[in-house]
Amino acid sequence: MLIGIVGAPNKGKSTLFSALTLHMVETADYPFTTINPNEGTGYVKTHNLAKDLNLVAKPKHDIISGEYRFIPIRLLDVAGLVPGAHEGRGLGNQFLNDLIPADALIQVVDASGETDLEGKKNSINPIEEVKFLEEELDYWVAGIIKRNWDKVRFKDIKSLFAILSGLKIFENDIEKIANTLNLDKKRIDWEEDEIFSFAKGVRKLSKPIIIAANKCDMPSARKNIENLKKLDYAVIPVSSISELTLKKASQAKLIEYVPGSKNFDVLKELSNEQKNGLNYIQHNVLDVYGSTGAQELLNKTVFDILNMIVVYPVEDEHKYSDSQGNVLPETKLVPQGATPYELAGLIHTDIQEGYKTAFDARKKIMIGRENKLENNSIIKIVFNKK
Ligand SMILES: Nc1nc2c(ncn2[C@@H]2O[C@H](COP(=O)(O)OP(=O)(O)O)[C@@H](O)[C@H]2O)c(=O)[nH]1
Ligand SMILES: [Mg+2]
């Protein structure tokens, strides 16, 4: 799972990325090998299932913190996009192409309304930022299609899928978009405006956007957030700088803070400056919005927008463990409706190839290959070893 953090310059993208990728606990084993400096690991927050079962989990990649279990996902900090990015302005095309593999986008807007589309200090309505990104993305996708037009023209819709599949879109979604727009799927010879409408459809389905209404600590943000919420998007008030500050203070053992909470506990005598900083966050962010919004952003994206559920693959269905006895060693985020057979493929191609059957370890029943997996289920897959 890869989530891209996007938006115009100076909105707080890098601050949000730093906050989300700063971790209090080191995991035993890094879940992803990151090649680029702008790629990192964030975590979605879920319930610690082992605790309910009176067990102690021994996760490989996840982090346990009391009643919570944090599951890693990949995050990408995409450099600021400016108007005209799809035409290459400000290295725009290069930055846009970083988004090809993203499953969803978090658009960081400056809810205080104090930085414009170029990132300069000018007051604007943050709704303009949302419109601007939609448009840049639509032109970008249309550009991908147009550059490949000779591979598509006069062919059928499958030729379009071959070009667009890297964007994380399904073949049947591509067909659906063409149907809705009444476009010829057998022999593609679409007009310019039809290509653009189709590109827009592809963008909407392949790159769902959630809005981070950042800098919500600023007084001017309140009204803008109300207006942003009228758009057809999930909008989360966020104060990235507050999340970063709380995580740093927590790392320095000055406070105890669980991401996503509306409070923190002070552990040490603080300097006046530290006290003022933390009071500012408490009064302007936590008391007003219930959290800094940073954790909620990831949770909402993964569980509500991408509709993922959590499943726990195990090898020993009695001990709920792997073969070495590690309890609930891993989680997989799978789309709602995924089957045990699909889960097998996510774990290892060999497991899918040798697939025999699957057990729900808690219910102690067999589940059909094409049945839907349930959220928080513990699954043992039986397969023939190669
Ligand atoms: N008040 C306030 N300022 C913030 C917040 N997040 C970021 N900033 C400031 O906004 C400016 C731009 O932040 P940066 O992360 O570099 O933005 P980027 O260009 O979008 O990556 C910096 O001065 C940050 O300190 C926030 O939540 N509240
Ligand atoms: Mg930046």
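Keep in mind that the numbers below use all heavy atoms, side chains included, and drop hydrogens, waters and symmetry copies. Remember, it's 1-based here, ligands and their atoms both numbered in the order they're listed.
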Engineer: Among all protein heavy atoms, pick the one closest to atom 19 (O) of ligand 1 and tell me residue, atom and distance.
Structural biologist: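 Protein heavy atom at minimum distance: N10 N, 2.8 Å.
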
Engineer: Could you identify the single nearest non-hydrogen protein atom to atom 24 (C) of ligand 1 and state the distance to 0.1 Å?
Structural biologist: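 Looking only at protein heavy atoms, the one closest to atom 24 (C) of ligand 1 is T15 OG1, 4.0 Å.
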
Engineer: Less than 6.0 angstrom separating the ring centers of Y355 and F383, yes or no?
Structural biologist: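 Between Y355 and F383, the centre distance exceeds or equals 6.0 Å.
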
Engineer: With a cut-off of under 6.0 Å to the ring centre and 45° to the axis, is K45 in cation-pi contact with Y68?
Structural biologist: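 Verdict for Y68: a cation-pi partner in K45.
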
Engineer: Nearest to atom 11 (C) of ligand 1, what protein heavy atom do you find, and at what distance?
Structural biologist: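 Result for atom 11 (C) of ligand 1: K215 NZ, 4.0 Å.
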
Engineer: Among V6, L16, N10, whose side-chain contact (heavy atoms from CB on, under 4.5 Å) with V108 holds?
Structural biologist: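 The single option meeting the side-chain contact (heavy atoms from CB on, under 4.5 Å) with V108 is L16.
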
Engineer: Measuring from the heavy atoms of N214, does anything fall under 4.0 Å of ligand 1?
Structural biologist: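 N214 counts as a contact of ligand 1 under the 4.0 Å cut-off.
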
Engineer: Does any N/O atom on I241 come nearer than 3.5 Å to any N/O atom on ligand 1?
Structural biologist: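 Yes: some nitrogen or oxygen of I241 is under 3.5 Å from one in ligand 1.
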
Engineer: Are any of the N/O atoms on V238, whether in the backbone or the side chain, positioned under 3.5 angstrom from an N/O atom of ligand 1?
Structural biologist: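 Between V238 and ligand 1 (N or O atoms, distance only) the closest approach is not under 3.5 Å.
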
Engineer: Can you sort out which atoms of ligand 1 are near K11, meaning under 4.0 Å from one of its heavy atoms?
Structural biologist: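 That gives atoms 17 (O), 18 (P), 20 (O) of ligand 1.
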
Engineer: So which protein heavy atom does atom 17 (O) of ligand 1 come closest to, and at what separation?
Structural biologist: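 Here the closest protein heavy atom is G12 N, 3.0 Å.
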
Engineer: So, is N10 placed with an N/O/S atom under 2.8 Å from the Mg ion (ligand 2), counting both backbone and side chain?
Structural biologist: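 No, N10 does not qualify, because none of its backbone or side-chain N, O or S atoms lies under 2.8 Å.
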
Engineer: Any link between I225 and I281 through a network of hydrophobic side chains (Ile, Leu, Val, Met, Phe, Trp, Tyr) touching at under 4.5 Å?
Structural biologist: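 Each belongs to a different hydrophobic cluster.
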
Engineer: Within the 4.0 Å heavy-atom shell around K13, which atoms of ligand 1 are there?
Structural biologist: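 Those of ligand 1 that fall under 4.0 Å from K13 are 15 (O), 17 (O), 18 (P), 19 (O), 20 (O), 21 (O).
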
Engineer: Could D103 and K168 be called an ion pair, given the rule that one side-chain N must be under 4.0 Å from one carboxylate O?
Structural biologist: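 Salt bridge: yes.
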
Engineer: Under a 4.0 Å N-O cut-off, is there an ion pair linking E114 with K121?
Structural biologist: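 Between K121 and E114 there is a salt bridge, with a charged N closer than 4.0 Å to a carboxylate O.
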
Engineer: Distance under 4.0 Å to a non-hydrogen atom of D217: what atoms of ligand 1 satisfy this?
Structural biologist: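 Counting atoms of ligand 1 from 1, those under 4.0 Å from D217 are 1 (N), 2 (C), 26 (C), 27 (O), 28 (N).
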
Engineer: Mark up the atoms of ligand 1 that fall under 4.0 Å of a heavy atom belonging to M218, in ascending order.
Structural biologist: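 Near M218, the atoms of ligand 1 are 1 (N).
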
Engineer: Taking only heavy atoms of S240, which atoms of ligand 1 are found under 4.0 Å from at least one of them?
Structural biologist: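 What qualifies from ligand 1 is 6 (N), 27 (O).
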
Engineer: Between K207 and L137 (side chain of the first, backbone of the second, donor and acceptor by atom type, cut-off under 3.5 Å), is there such a pair?
Structural biologist: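 Judged by distance alone, no pair lies under 3.5 Å.
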
Engineer: Tell me whether the centres of the aromatic rings in F196 and Y139 are closer together than 6.0 Å.
Structural biologist: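 Ring centres of Y139 and F196 closer than 6.0 Å.
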
Engineer: Record the part of L16 in heavy-atom contact with ligand 1 below 4.0 Å; permitted values are side chain, backbone, both and neither.
Structural biologist: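 Neither; nothing of L16 gets under 4.0 Å from ligand 1.
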
Engineer: Assess whether a salt bridge exists between R153 and D189, defined as any Lys/Arg side-chain N lying under 4.0 Å from an Asp/Glu carboxylate O.
Structural biologist: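 Here R153 pairs with D189 in a salt bridge, since their nearest N and O are under 4.0 Å apart.
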
Engineer: Under 4.0 Å from any heavy atom of S239, which atoms of ligand 1 are there?
Structural biologist: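 Taking each heavy atom of S239 in turn, ligand 1 has 27 (O) under 4.0 Å.
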
Engineer: Does this structure show an ion pair linking K13 with D77, if we count only N-O contacts that are shorter than 4.0 Å?
Structural biologist: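 No.
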
